[in-house]
Structures are given as structure tokens and as C-alpha cells.
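Everything numeric in this text was worked out from a predicted model, so none of it was measured. Note: hydrogens, waters and symmetry copies are ignored here, and every other heavy atom, side chains too, is used.
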Amino acid sequence: MKDYRILISDLKKISGDKFLIISKWKKEPYCKGWRYGNGDALAVIKPGTLLEFWKILNVCVKSDVIIIMQAANTGLTGGSTPYGNNYDRPIIIINTMRINDIHIIDNGKQIIGLAGSTLYDLENKLKPLNREPHSVIGSTSIGASIVGGICNNSGGSLVKRGPAYTELSLYAKVNKIGNLELINDLGVNLGSSEEEILNNLENRNYNESDIIHSDKLASDNKYSEIIRQVDSNTPSRFNSDTRLLYGASGSAGKVAVFAVRLDTYPKPTRNKVFYVGSNDPDIFWEIRRNILSKFKTLPTAGDYLHRDCYDAAKKFSKDTFIVIDKLGTNFLPTLFELKRKVDLLSTKIKFLPNKLSDKLMQFLSNIYPNHLPKRMEDFRNKYEHHWVIEMSDDGIEEAKEYFSDFFKLKEGDYFECTKKEARKAILHRFVAASAIGRYQALNENTTGGMLSMDIAFPRNEKDWFEKLPDEIDSLLDKKFYYGHLFCHVMHLNYIVKKDVDPISLKKKLLMTYEARGAEYPAEHNVGHEYDAKSSLKTFYKELDPNNIFNPGKIVNAAPMNTSLRYEPQCSFTRS
């Protein structure tokens, strides 16, 4: 077996002892995914500068190890951690969160986010300029990185903005002959040598005249047109859409991204949230078509919640809701980091139960009084389907007039939220994402596991609300449905019954989605949950022809001296 002590020594010279992690206990938070995926790594290293980052990459490439890029490790499909321990080479995880600077350029109309910069910090930097980043809830609240959103074409609930996308980035890739290259597509004149480029960027040693204003995009400029095409038989957004695969965008860790350049957005003058309820899915189908095709102003956001998911979020996500409501989203990353440490500790001490943090937090939340507004609770009792629709500026009056007339003749109802109700309605929908994990953690001895699907249905799909065949439905213990209804991206969460094979069931579920013309994944990327579609495989292979970065797991052992096949991040043979 190859001796990697020289590699460890070389890495230590670059980062120092403090930021090279080789202890198994200390590596675990970086080797275990946010919700999915776990495996061993030879080391975790945390560069503090872009130049350190470049030097680390060079050492790793020369040593022929697997490189897994990681920022906040908040992904939902395990794509930023190892998966199992049966790789053919050691793994080095490069965590970029120390490189977190954000540069405001072009009077705030654009920003440059370095490798570990977060959406939360970006939102705060833009507030004094009365502008917003691409994402303003969801990934922002859990401390996710800007680069992570770009690498996964993350979408979210914002109707006007579409997937995170840019054609302006600075990244490193390994070419066909195995050499590391620095690709400067950032659109900023920073010099010629790698060291000069990286140092000049990090030290902001450039001025307005060095910034190139070209036809290259720093956001998705087509999405607001695409989402209005309500009669199209294809989804509005999904991870394997070749339209949005470019450089760092959609790269899923197959390159090492140093920085991205992105557009920002003017903050609306006014906002109003409308809470809509109905017992008939066709009512929501009609509202969606009318708003998207007839309104002059598109909604800001529009998120769906089924009654069962409403109830699950009320019970199992109450603690997360309360933390955000009382302490703010800035405390949430700290809470989740503490939660991880408690769970790691519980695995080391035999008399402590598994998922200790979930059980402790659930106990505390059970004694806290009801946290949801009365009008929301009344709608919960009346209606099966719930839709939180946010309008801004001129769209507010359009929506008021439309809903007032619509519900004179149609089943269902709506109310205009007060500021407090609006905040709580949006927050309740947001924390619903954690309810399935908590339910599964508390019932792991009586259920058979969790499936969380991320599906983009065609824009003309009328039967958007899932009706499963009896032979599949009978295998499920619970179903939690929520999603972004305007773009028909649904998050379909299932707890399977005890002794049901979740892998076999997942295949059956995917077949039902395919029969309806759906694409998957919609916004969370393939990670270890899905097989990459052919367009993604081709793109990944172009970026990383030697399968150095983020190769995924080995799916079949190969004889000695032959290639190994990996999936799902890349699913191609190593040269």
C-alpha cells in the first residue's frame, strides 16, 4: 500500500497543524453529510487563503488522491462527503469555509463571492444597499455557501430568479494529461500567473477598470419567461438542464471553485403574503395558470404545504421554528453544529440513545405552547392544501383583486397576512423540510427508513398532487408533501414501513415520475441519491476527465489493473 505520510507532511507545511485534521473524532463532522452519506477520509484540510487552496490542490493531484470539495456541508443528497469506505484511493476533503470574503462591485449590482462565502453574509452585506442575493430563505438560513448554490444550480422558492447560475467564475480543473489548470472566467483582469491572479483577487488588488463587462451572464436571464409557459410539457428547472451547465455552474464539485461573480437584485418597496387554502388540487392548478400567464407582475415566492406536512412541521419542527423566530437565522448554523456534536458524542457513549439531539429537542418542544397564528390553524382545520404566496409592489393589488373575485365562485379561501402572520407562515413552510428527518429519528425502530425525493414536473401537469398506485402506497408509513408550486418542483418525502426495501421502492417511485414526464433531481443535485443523467455525465467528464474530484462511490469492484466505475456524481470510467 502506498505510503501517504509525505502527503500529510506536505499538507501540514501549507496549512499548519491547526487546520489539518487527521484525528478520526475531529474528522467526523466533515465526513458525515447533512442528511445523507458518511465515509472515511485520510485528512480534512481547511485552507485560509486562495493561494493555500491552490497549493493544496497541487499536492493532492500529484499524490493521486481523491479530492472532495466541501463548503458548509449543508447539501441534502450527500454530495460533499465520502460515501462508504470502498474507494480505490484515499480521500482528502478540502473545506473552504475559512475563505469567506465577499466583494461588492458595480455599485452593488454584482458581487464576487470567494470559495467559502455564505448566502447569509451576502444578504447582510447587501441590506444597506437595498438589494438582495439570489436566495433569501432556505439555504441562506442554514449557512449554505454561495459557491455551493452555483455548483448545484440550486433553485429554491423564488419565482422570478430561477436556479443559481453564472458564467463568470475562477476555478481549477485537472486536464486530460493530469495537470492542474487555473481557469479565470471571472471577467476581472488579475494578472497572468496563478499566484498573481489569486493574490490580487483575495487582496482586492483590482479596480473598476479591471472588471470586464461582457455578454457573459451572472444570473439566469431566461427563467421569468420559462416559468410563464404554462402549456409546456417540460419542467421549468432541473439539475441536468444543459442550458445551465457552464464552468462552475452545475459542476457538483468536479472542479475546485475559488470565486464566482453574481448579479444582485433590487429589494421590493412593498411585500404582502397571501395565505390560500383549498380541498381541491385543481383549484391550485387553476390559480397557478392564471397568475403565471395573466399577471403583469410575477410572484416573489409561492410555496405549497399539504395538511399532513403542516401537522408534521408543527410537531416535529417546532424547535427549529422557535429558534429562528426568537433568536434569528444567524443562530441556526450554530444550533445545527451543536446538534451534530451531540449526535457524534452519543455514538461514542454506549448508554446514550442514537439521535440524542433529536430526542432531546423534541422533548423540549413538546412542552412549548402552540406557536402558529390562529388564522393559519383555522385554515388547517378547513383545508387539505395550503399555499403561501408572496407578492411585491404592483403585484399586490393584482393579487388582491384576483383572489377576491376568484373565491366568490370557487371552493377555498384566502386571507392577507399581517406582518407577523406572514413571517410565521413562511417560516413554518421553511422548517417543514426538517420534519421528516425528526419523525424518522424518533421512529427508527418501528419504520423502514426515509426517502426524500426532489422532482420537477412538467409545466402543463394538471395532476400535480401525487396519487400513488395502491401497491406502492401500501408500503408507506407516512407521506410529507411540500414544494414550490409555481415552478412545479415538489419535495415528496416518504417514511417506508418496517421491512420494506427502500432501494427497490425508490426505483418504483422514480418510474411513476418518469411516466409523468418529470425530471429529477430538480434542485438538490444527484449526490448519492440519484443516477446522473447523460447530459450531466458528459458535462462532468469534460470538467474532470480523470475522475479526480468528487468521484462518488464504487458500484462494482474491478479486477486488478483495470478501471473502476463510480456513481452517481460522475458515473464514468477512470482513464
Side-chain angles (χ1 to χ4, degrees), residues 69 75-77 79 110-111 113 119 133-135 138-139 144-171 173 183 185-187 214-229 232-255 257 259-265 298 454-459 484 486-489 517-527 529-544 549-550 568-571:
M69 296 306 310
L76 298 178
T77 56
Q110 289 190 332
I111 64 97
L119 288 163
H134 172 269
S135 179
S139 295
S145 72
I146 296 170
V147 167
I150 291 296
C151 290
N152 293 303
N153 287 141
S154 297
S157 60
L158 298 180
V159 178
K160 302 174 187 178
R161 299 177 191 175
Y165 179 72
T166 186
E167 294 169 0
L168 300 164
S169 61
L170 177 66
Y171 61 93
K173 61 177 290 186
I183 310 297
D185 275 344
L186 198 59
S214 67
D215 293 334
K216 287 192 173 183
L217 301 175
S219 62
D220 181 359
N221 67 339
K222 299 290 186 184
Y223 187 72
S224 60
E225 300 170 22
I226 289 170
I227 199 170
R228 284 187 180 275
Q229 296 165 5
S232 173
N233 61 1
T234 61
S236 58
R237 59 181 172 95
F238 50 97
N239 284 121
S240 60
D241 186 354
T242 55
R243 185 179 70 87
L244 299 175
L245 301 178
Y246 187 104
S249 294
S251 61
K254 298 302 291 177
V255 294
V257 183
V260 293
R261 180 174 156 190
L262 302 173
D263 290 332
T264 66
Y265 304 84
L298 282 172
D454 170 32
I455 311 298
F457 290 103
R459 283 163 280 176
H484 316 301
F486 282 112
C487 59
H488 266 185
V489 167
E519 290 278 357
Y520 56 84
E523 59 182 355
H524 295 161
N525 224 320
V526 293
E529 292 263 45
Y530 305 91
D531 289 329
K533 299 286 179 72
S534 59
S535 56
L536 276 178
K537 291 179 186 178
T538 299
F539 180 58
Y540 293 162
K541 192 165 185 177
E542 289 171 354
L543 291 176
D544 185 21
F549 288 95
N550 207 19
Q569 281 103 322
C570 55
S571 294

Minimum heavy-atom distance [X]-[Y], with the two atoms named:
X: Gly253; Y: Asn550; answer: O-CB, 3.5 Å
X: Gly187; Y: Arg261; answer: O-NH1, 2.9 Å
X: Ser251; Y: Gly247; answer: CB-O, 3.6 Å
X: Pro458; Y: Gly517; answer: CG-O, 3.3 Å
X: Gly113; Y: Ile146; answer: CA-CD1, 4.4 Å
X: Ala532; Y: Tyr540; answer: CB-CE1, 4.3 Å

Donor-acceptor check, side chain of [X] to backbone of [Y], threshold 3.5 angstrom: yes or no?
X: His488; Y: Ala456; answer: no
X: Ser219; Y: Asn221; answer: no
X: Thr77; Y: Glu529; answer: no
X: Glu519; Y: Phe238; answer: no
X: Asp185; Y: Leu170; answer: no

Distance in Å, [X] [atom1] paired with [Y] [atom2], rounded so as to fall on 0.5 Å steps:
X: Leu262; Y: Ile111; atom1: CG; atom2: CD1; value: 4.5 Å
X: Arg237; Y: Arg243; atom1: CZ; atom2: CZ; value: 11.5 Å
X: Lys222; Y: Ser236; atom1: NZ; atom2: OG; value: 16.0 Å
X: Asn525; Y: Asn239; atom1: CG; atom2: CG; value: 4.0 Å
X: Glu167; Y: Asp220; atom1: CD; atom2: CG; value: 10.0 Å
X: Ser169; Y: Ile150; atom1: OG; atom2: CD1; value: 8.5 Å

For this session: Tell me, please, which residues at least two apart from Tyr520 pass ring pair (Phe, Tyr, Trp, His ring centres under 6.0 Å).
Result: Tyr530
Got [X] and [Y] here, is their nearest side-chain heavy-atom distance under 4.5 Å?
X: Val526; Y: Leu536; answer: yes
X: Val260; Y: Leu168; answer: no
X: Arg459; Y: Ile226; answer: yes
X: His134; Y: Leu158; answer: no
X: Leu245; Y: Ser249; answer: no
X: Tyr223; Y: Lys160; answer: no
X: Tyr165; Y: Asn153; answer: yes

Exercise. Please walk me through it: do His484 and Glu523 pass side-chain hydrogen bond (donor to acceptor under 3.5 Å, both in side chains)?
Worked result: CA-CA 11 Å; His484 316 301; Glu523 59 182 355; 3.0 Å; yes
For this session: Identify whether the distance between the nearest side-chain nitrogen and carboxylate oxygen of Lys537 and Asp531 falls below 4.0 Å.
Result: no
Exercise. Taking NZ, NE, NH1 and NH2 as the nitrogens, is one of them in Lys254 or Glu542 under 4.0 Å from a carboxylate oxygen of the other?
Worked result: no
Problem set entry | side-chain contact (heavy atoms from CB on, under 4.5 Å) partners for Ser224, two or more places apart | Leu298
Exercise. Any cation-pi pair here, Arg161 with Tyr265, using under 6.0 Å and within 45°?
Worked result: yes
